[in-house]
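Since the model is a prediction, treat every value here as computed from it, not as a measurement.
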Amino acid sequence: DHRQIEKCGFSNAFNLEEITLPSTLKSIGEYGFDNAGIKTLIIPDSVEIIENYAFAWSDLENITIGKGLSSIGEGVFEGTSIQTIHIPNNITTIERNAFCFSLIQTLTIPDNVKNIGEYAFSGCDKLNNVTFGEGLKVITRGSFNSCERLSKVVFENKSVTVEDWAFSACPIEEINMENVAEFGAYSFTGSKLKSLSVPEGVTKIAYAALLNSSNLAEIDVPETLISLGGHSFDDTAWREAQAAGSVYLEHIFCTYDGIIGDDTEFTFKEGTTVIADNAFEGQDSMKKIILPNGLLSIGSVAFWKCANLREITIPASVEYIGEFAFGQCPNLTAINVAPDNQHYRSVDGVLFSKDGKELIWCPKQTSKSYSVPESVAVIKTGAFGESGEINISIKNRDTEFEYGAIGYQCTGHTGVIETFFKRVYSAISCYEKSTAYEYAKEKAIPVTILEEKAVIEEFDKNTFEEH
């Protein structure tokens with residue numbers, strides 16, 4: 001059949017160095033030429049489909065892609081010896097692993113390409129520069145990870161999202177960072193940048209984004225930046241130059257170098273609006289902290305493992321509190337919120353959304369019991385992880401439970417990869433016909449069924465006819 005090459009058709013054909021594909025060919029099957037000895041190939045315009053890993057780890061050095069294809073499939077040219085590649089205008093998608101571990105040296109992604117899959121060019125250790133066309137708005141997770149010679153990157157699109165690990169372990173020296181709108185976790189780890197000016201409008205830099213960028217000495221961030229991931233600038237020249245004590249990046253409190261003693265009342269510099277993720281991590285002697293008026297954002301795991309922190313008050317200005325901000329704080333018994341805060345509220349030391357529909361965090365309950373208000377529609381992830389051994393009464397029959405809401409304690413969180421949990425003792429009291437009962441059964445949490453209340457309807461005697 002001259003219309004298709006079957007799956008594994010020429011797989012492991014080590015001695016096959018040349019082949020001419022017929023003009024009637026429509027498709028090349030999975031692993032069609034993987035590990036084959038073929039070095040040069042012209043794909044005719046008639047070919048519409050090349051399935052996954054069709055040429056993976058073959059000896060292919062030169063490839064001409066025909067006009068019939070719209071995408072380059074998963075792993076199609078993985079591990080090949082291709083050094084240059086012309087991507088024609090008919091290609092709109094490059095799937096995951098498409099060219100990973102190949103020998104490409106220079107790369108231009110044309111404007112017609114709209115999507116690049118995860119790890120599409122990862123491990124291309126000969127690649128030294130890449131230009132992305134205007135059609136590409138997202139550089140996906142790990143897509144150029146560990147391209148150990150990649151020194152120059154050009155974005156032609158004016159608003160590019162760089163996802164987690166996109167350029168991790170790439171020695172980038174030159175890049176038009178003004179076109180980057182979002183920085184994913186580990187996105188530029190190990191870069192060789194000497195300075196960084198984060199564009200106006202960027203609101204978040206994720207975990208360890210520029211970790212181990214040892215040459216990075218100058219950093220400028222806009223006021224729009226309200227979320228800074230933990231360890232984002234660790235092991236940089238800028239970080240090494242900071243004095244002991246409080247470390248700030250303009251309006252952002254990053255961390256504290258040293259130990260905050262149990263008799264120290266910690267204060268912030270004027271104008272602090274952001275507490276970065278992991279900012280006070282491990283300050284296990286700190287008992288009390290006064291958050292500044294004007295603070296807008298408290299980062300994820302900001303007070304992680306502050307083992308002796310007893311109480312904290314959230315100012316009226318705070319608009320955002322990150323995940324597990326008070327995780328691993330076993331002695332925290334109250335989170336208080338200023339009454340005029342427009343985003344959060346506190347009832348008996350428990351943190352809620354302003355409308356009371358989300359229960360966000362329940363600190364340690366010395367009574368070992370807690371009744372969830374019936375107004376609560378959602379119990380957030382890990383909300384009861386630090387409550388201690390506790391019996392939780394839930395009378396709302398339709399409460400939604402996020403992952404690990406009850407019966408789980410967060411033991412590790414970076415905001416990337418995954419969050420780690422361990423089981424902790426909790427018990428639930430609820431009605432049998434309720435989402436709480438279903439949750440307890442699913443998670444093997446001890447459950448006590450509340451007694452159904454009898455409903456007695458009262459009728460107006462005037463509605464009855466006299467007999």
Side-chain angles (χ1 to χ4, degrees), residues 52-53 55-57 71-85 87 93-109 113-133 136-155 157 160-177 179-193 196 204-216 229-236 414-418:
N52 298 345
Y53 301 94
F55 298 94
W57 299 99
S71 68
I72 298 173
E74 180 177 334
V76 164
F77 299 111
E78 177 179 326
T80 61
S81 298
I82 295 172
Q83 296 183 23
T84 60
I85 180 73
I87 300 172
T93 300
I94 300 172
E95 301 285 0
R96 61 177 290 129
N97 298 347
F99 291 91
C100 65
F101 304 112
S102 68
L103 301 183
I104 291 176
Q105 296 181 7
T106 186
L107 179 65
T108 298
I109 307 291
V113 174
K114 308 299 183 186
N115 301 290
I116 293 180
E118 295 181 355
Y119 305 99
F121 296 89
S122 66
C124 292
D125 56 13
K126 303 294 184 184
L127 183 63
N128 56 63
N129 70 82
V130 59
T131 298
F132 298 97
L136 203 61
K137 297 180 180 180
V138 179
I139 313 301
T140 50
R141 185 183 179 101
S143 52
F144 290 84
N145 176 48
S146 297
C147 293
E148 57 187 36
R149 297 188 186 184
L150 181 56
S151 60
K152 183 178 180 180
V153 172
V154 176
F155 299 118
N157 190 290
V160 176
T161 295
V162 180
E163 292 189 347
D164 302 346
W165 288 288
F167 296 102
S168 178
C170 296
I172 296 171
E173 297 177 357
E174 187 179 346
I175 183 172
N176 55 335
M177 202 68 85
N179 287 358
V180 175
E182 294 184 33
F183 293 75
Y186 299 98
S187 50
F188 294 98
T189 295
S191 81
K192 297 299 180 185
L193 295 172
L196 173 67
K204 179 179 180 179
I205 295 176
Y207 186 87
L210 283 104
L211 173 73
N212 199 33
S213 296
S214 57
N215 295 340
L216 186 59
H231 311 293
S232 286
F233 302 112
D234 282 7
D235 300 319
T236 64
T414 64
V416 66
I417 309 177
E418 62 180 313

> Which word best sums up how the rings of F167 and F144 line up, parallel for under 30°, tilted for 30 to 60°, or perpendicular for over 60°?
Replying inline: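 Taking F144 first and then F167, their aromatic rings lie parallel (interplane angle under 30°).
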> Would you call the rings of Y207 and H231 parallel, tilted or perpendicular if under 30° counts as parallel and over 60° as perpendicular?
Replying inline: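 Rings of Y207 and H231: perpendicular, over 60°.
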Do you know which two heavy atoms are closest between [X] and [Y], and how far apart they sit?
{"X": "A206", "Y": "S232", "result": "O-OG, 3.1 Å"}
{"X": "C100", "Y": "Y119", "result": "CB-O, 3.4 Å"}
{"X": "S122", "Y": "G142", "result": "CB-O, 3.5 Å"}
{"X": "P171", "Y": "C147", "result": "CD-O, 3.5 Å"}
{"X": "V162", "Y": "S187", "result": "CG1-CB, 3.8 Å"}
{"X": "G184", "Y": "A209", "result": "O-CB, 3.8 Å"}

Which distance, rounded to the nearest 0.5 Å, do you find between the [atom1] of [X] and the [atom2] of [Y]?
{"X": "L150", "Y": "E173", "atom1": "CG", "atom2": "CD", "result": "10.5 Å"}
{"X": "K204", "Y": "F183", "atom1": "NZ", "atom2": "CZ", "result": "13.0 Å"}
{"X": "K192", "Y": "C170", "atom1": "NZ", "atom2": "SG", "result": "12.0 Å"}
{"X": "I104", "Y": "I82", "atom1": "CD1", "atom2": "CD1", "result": "6.5 Å"}
{"X": "L193", "Y": "L216", "atom1": "CG", "atom2": "CG", "result": "6.5 Å"}
{"X": "L136", "Y": "T131", "atom1": "CG", "atom2": "OG1", "result": "12.0 Å"}

Does the side chain of [X] reach to within under 4.5 Å of the side chain of [Y], using non-hydrogen atoms?
{"X": "Y186", "Y": "N145", "result": "no"}
{"X": "F132", "Y": "V113", "result": "no"}
{"X": "I87", "Y": "I94", "result": "yes"}

> Is it the case that more than 12 heavy atoms not belonging to K152 sit under 6.0 Å from its NZ atom?
Replying inline: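 Incorrect, the count does not exceed 12.
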> Which residues satisfy the side chain to side chain contact (heavy atoms under 4.5 Å, CB included) test with E163, sequence neighbours excluded?
Replying inline: V138, T140, R141, T161
Is it the case that the side chain of [X] and the backbone of [Y] share a donor-acceptor pair, with hydrogens and angles ignored and the cut-off at 3.5 Å?
{"X": "N179", "Y": "N157", "value": "yes"}
{"X": "S71", "Y": "E95", "value": "no"}
{"X": "T80", "Y": "F99", "value": "no"}
{"X": "N115", "Y": "T93", "value": "no"}

> Given V130 and F121, is the side-chain contact (heavy atoms from CB on, under 4.5 Å) satisfied, shown in steps?
Replying inline: CA-CA 11 Å; V130 59; F121 296 89; over 6 Å; no
> With distance as the sole criterion, is a donor-acceptor pair present between the side chains of S151 and N128 under 3.5 Å?
Replying inline: no
>> Go through it in stages, so that I can follow the logic: the residues are I175 and F188, the test is side-chain contact (heavy atoms from CB on, under 4.5 Å), and I'd like the CA-CA distance, side-chain angles, deciding distance and then a yes or no.
In response: CA-CA 11 Å; I175 183 172; F188 294 98; 3.6 Å; yes
> When you look at E118 and R96, which way does the salt bridge (Lys or Arg N to Asp or Glu O under 4.0 Å) test go after all the steps?
Replying inline: CA-CA 5 Å; E118 295 181 355; R96 61 177 290 129; 3.2 Å; yes
>> Assess the residue pair I139 and I116 against the criterion (side-chain contact (heavy atoms from CB on, under 4.5 Å)); give the C-alpha distance rounded to whole Å, side-chain angles, the decisive distance to 0.1 Å, and a yes or no.
In response: CA-CA 7 Å; I139 313 301; I116 293 180; 5.6 Å; no
